[in-house]
Amino acid sequence: DQQVKQNSPSLSVQEGRISILNCDYTNSMFDYFLWYKKYPAEGPTFLISISSIKDKNEDGRFTVFLNKSAKHLSLHIVPSQPGDSAVYFCAASARVDSSYKLIFGSGTRLLVRP
Amino acid sequence: NAGVTQTPKFRILKIGQSMTLQCTQDMNHNYMYWYRQDPGMGLKLIYYSVGAGITDKGEVPNGYNVSRSTTEDFPLRLELAAPSQTSVYFCASSPSLNYGYTFGSGTRLTVV
């Protein structure tokens, strides 16, 4: 039972355009969401996060949107750059689980074409 | 500042062999985690620790054991390697509950 789903395994975008990566979750107790970026042969690196009390968080070219009623979040990258080409993982956690374990989606591979 | 260091980077094991994947962090983080990533799948939590001397099971603990005798080290032990344990293993740490993890670069394990 996948609690965090990334239904698009891959996405290809032209340099300079917007990249939109989507993530859906099923557990209504999730209250903290994160995006990680992973290059080949490296560990994931933290990109941006959002708490359930917000619906938007922005950091430079990266913005995460949260729609709690739809149990959906998205990561927008504007403008996209070739260096953004990587696998992006969505992750979620629930405060009621005191260990605050992260549940990860299966990832979306983004390719930004020059 | 090395962050999270995992060794070895690659390993091939025969079925039934045992090994320990090492993980060390120098950030004085209380929380440490072991994940595995299978092809086309997300990261699955194997074990985690909220401090020295405290460990607990994650989603997929069967076939693994951990210990946390110090804040810095969180080794993962495979006692009887099976082909189903072929995967990439990531160790991570975090300073508190509500904070992004720092991951190591991974250990690619193949069991043949």
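The basis for the numbers below is simple: all heavy atoms, side chains too, and nothing from hydrogens, waters or symmetry mates. Lettering follows sequence order; numbering is per chain, from 1. Just so we're clear, the structure is a prediction, and the values are computed from it rather than from any experiment.
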Decide side-chain contact (heavy atoms from CB on, under 4.5 Å) for A:F62 and A:V78; before the verdict, give the C-alpha distance in whole Å, the side-chain angles of both, and the deciding distance to 0.1 Å. CA-CA 7 Å; A:F62 302 92; A:V78 182; over 6 Å; no
Using heavy-atom distances under 4.5 Å, tell me whether A:A91 contacts chain B through its side chain, its backbone, both, or neither.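 Neither part.
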Given that the side chain runs from C-beta out, which part of A:P9 has a heavy atom under 4.5 Å from chain B: side chain, backbone, both or neither?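 For A:P9, no heavy atom lies under 4.5 Å from chain B.
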For chain B, which candidate among A:G105, A:C90, A:G107 shows the most heavy-atom pairs at distances under 4.5 Å?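 Option with the top pair count is A:G105.
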Residue from A:W35, A:Y25, A:Y36 passing ring pair (Phe, Tyr, Trp, His ring centres under 6.0 Å) with A:F104: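 It is A:Y36; the other options fail the test.
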B:I54 atom CD1, over 12 foreign heavy atoms within 6.0 Å: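 Yes, enclosed.
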Judged by modelled atom types alone, do A:S74 and A:N22 share a side-chain donor-acceptor pair under 3.5 Å?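 Their side chains do not contain a donor-acceptor pair, so the 3.5 Å distance test is not met.
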OG on A:S28 to NZ on A:K68, rounded to 0.5 Å: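 If I round to the nearest 0.5 Å, the distance is 12.5 Å.
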So what's closer than 4.5 Å to chain A heavy atoms on B:L43: side chain, backbone, both or neither?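 Its backbone and side chain both get close to chain A.
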For B:E59, which atoms come within 4.5 Å of any heavy atom of chain A: side chain, backbone, both, or neither?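 Just the side chain, heavy atoms under 4.5 Å.
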Among the listed options B:Q6, B:R108, B:Q37, B:K9, the residue most often paired with chain A at heavy-atom distances under 4.5 Å: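 It is B:Q37.
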